[in-house]
Amino acid sequence: MPFTNQRSIATLEANDPSTSGESPSMSDSSDIATAPASPTSHLVEIENVYLELGGVKILDSVSLNVSRGEVVVLVGPSGAGKTSLLRTVNGLNPITSGSVEVDGIEVQQRDEAAGTTQRKLKGPQLRSARKEIGFVFQHFNLFPHLTALDNIAHAPRKVLGLSKEEARERGLQLLERVGLENRAHTKPSRLSGGQKQRVAIARALAMRPRLMLFDEPTSALDPEMVGEVLDVMRELAQDQMTMMVVTHEMGFAREVADRLVVMADGHIVEEGRPADVFSNPKHERTKAFFSRIL
Amino acid sequence: MTFDWAFFWDHLLTPHPDFVTGLWRTIWISIASMVLALVLGVVIALFLRSNNIFLRSIGNIYIWVIRGTPLLVQLVIVYSGFAAAGIYRFSDISVGAITLQAVIQAAIVTLTIHESSYIAEIVRSGISGVDQGQFEASEVLAMKPGQTMLSIILPQAVRTMVPPLGNIFNQLMKETSILSIIGVSEMFLVAQGFSASTFRTFEIFLVAAIYYLALTTVWTVIQGWIEYRLDKYMGIDPQQGVIAWIRELIVPRRRRNRPVPTEVESAPRLATTGA
């Protein structure tokens with residue numbers, strides 16, 4: 001591995017939003033939990049993570065830190081392990097060894113030397129960690145039996161204990177934010193793909209997470225609907241939401257990402273500012289990847 | 001052929017009060033057993049899906065034993081066998097003016113146990129049929145497994161479960177005729193009594209058959225309505241009004257094209273009555 005990413009993000013910490021504060025221009029930015037001031041610590045710390053599924057090595061010694069307010073875009077050929085890495089961050093994929101911390105909470109940790117004692121957080125701890133992490137799926141995974149509004153308001157009611165009125169209020173605000181206030185009482189089957197994904201983003205935001213994970217959020221969409229979803233994500237980034245995004249939308253990566261991470265074969269092969277990586281890719285795999293898609 | 005038309009029409013259109021009582025008994029025993037069997041069946045299904053190997057084993061053994069033995073045998077064991085062995089003897093329970101006969105208790109208990117073993121498999125496969133993404137979506141929203149099951153998974157699983165569960169209820173209503181063996185005076189036993197006293201066996205059982213058919217027909221209509229409502233609930237567009245839906249019951253068109261609902265294992269059931 002010619003490029004290790006250890007602490008290579010020092011330059012980016014100057015951009016840490018917790019020092020620049022909230023952006024008062026966004027009237028509804030209160031929907032997002034802004035990170036408390038602790039500018040030195042990373043929100044996400046992925047240390048030396050290995051992941052094996054069915055004897056196949058999916059992630060091989062991956063380390064990646066994400067600062068508060070940073071937008072990290074993961075790109076790379078399919079099978080590179082981008083989605084797997086994203087899923088380890090909130091414990092959807094149990095790791096083989098290494099550790100994953102979000103906001104100081106160890107989501108998972110496993111020491112190979114210690115043998116078989118895999119420590120994935122037990123239910124309650126894992127859940128309290130997950131309250132802080134929003135996840136947006138490629139295939140939306142909206143609840144088909146609930147209206148758009150109820151999809152959003154469900155978890156705040158059940159998990160955060162909001163009253164019906166509060167949850168509804170929060171849901172309506174978020175629907176307005178993603179431009180779907182007139183579809184509040186529509187079931188997902190009556191929404192277009194782009195609308196579904198915007199509801200899914202609103203659903204994740206309703207938990208007021210500190211971190212948003214996007215797993216190829218536009219890959220299942222018709223081309224004409226990609227823009228509306230990216231617009232919502234762009235606004236989120238402007239509101240200083242910390243985001244990790246797996247995507248094939250290179251335009252979005254170039255424009256919105258603070259850092260571009262290129263993965264191949266379970267490794268991080270290259271990372272840096274998108275403009276630099278795009279214009280001057282150093283690693284062979286990066287060049288090969290860009291030459292195929294750009 | 002001798003067929004007493006007057007007797008037939010008389011009993012069909014103006015049934016004897018005993019016959020009406022038997023009919024109602026058939027209906028409410030069926031409903032009570034079905035409701036209880038649903039609850040028990042969901043519990044057993046959750047056992048089958050449990051991470052605890054002990055609970056999984058209990059669920060498997062339960063289904064293996066209950067589904068592998070005839071209802072008739074189970075009925076006699078529960079009512080007569082347990083009493084004879086001194087394990088448990090059913091006795092009448094009175095709450096105010098209402099008395100629940102010992103035989104009816106035994107009947108409901110047995111039917112509940114028997115049907116729950118089939119229902120458990122239906123519920124289990126119904127749950128398995130819900131998209132894995134729904135579990136993941138609930139998981140990342142930090143919902144507890146119980147909340148996920150009750151508010152996300154089961155409501156969706158119900159749609160695929162209704163057609164096989166409807167079959168179960170249909171069979172259950174007809175199977176209540178077996179209860180006559182322990183002396184529950186439901187519709188079949190009443191008919192048998194008339195048959196013995198009048199020797200109009202063909203006529204009276206034809207009347208009974210028509211009443212059973214009426215019961216299951218009413219249920220078919222109700223089931224169709226439930227499916228129609230669930231389609232709307234799930235956001236699957238039924239694309240038809242009530243009239244089209246009734247026509248659908250008679251001339252199924254959409255049903256043919258529907259994705260096959262959860263496979264139900266239809267083990268051989270008792271075809272003969274205990275008469």
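So that the names make sense, note that chain A is the first sequence line, chain B the second, and so on, each numbered from 1. Keep in mind that the numbers below use all heavy atoms, side chains included, and drop hydrogens, waters and symmetry copies.
Heavy-atom pairs under 4.5 Å with chain B peak, among A/I133, A/L142, A/L146, A/T147, at A/L142. Counting heavy-atom pairs closer than 4.5 Å to chain B, the top-ranked of the candidates A/V159, A/L213, A/T186 is A/V159. Interface check for chain A: of the options B/V140, B/L230, B/D131, the most heavy-atom pairs under 4.5 Å are formed by B/V140.
The contact between B/Q147 and chain A is made entirely by side chain atoms (from C-beta outward), counting heavy-atom distances below 4.5 Å. For a residue to count as touching a neighbouring chain, one of its non-hydrogen atoms must lie under 4.5 Å from one of that chain's; by this rule A/R157 does not touch chain B. Only the side chain of A/F137 has a heavy atom closer than 4.5 Å to any heavy atom of chain B.
The closest side-chain donor-acceptor pair between B/N60 and B/S57, if any, does not fall under 3.5 angstrom. Judged by distance alone, the side chains of A/E47 and A/S99 never bring a donor and an acceptor atom under 3.5 Å apart. A donor-acceptor pair shorter than 3.5 Å cannot be found between the side chains of B/E136 and B/Q132.
With a 6.0 Å cutoff to the six-membered ring centre and a 45° limit on the axis angle, A/R203 does not count as a cation-pi contact of A/F135.
With rounding to the nearest 0.5 angstrom, the CG atom of B/L154 is 5.0 Å from the CD1 atom of B/I127.
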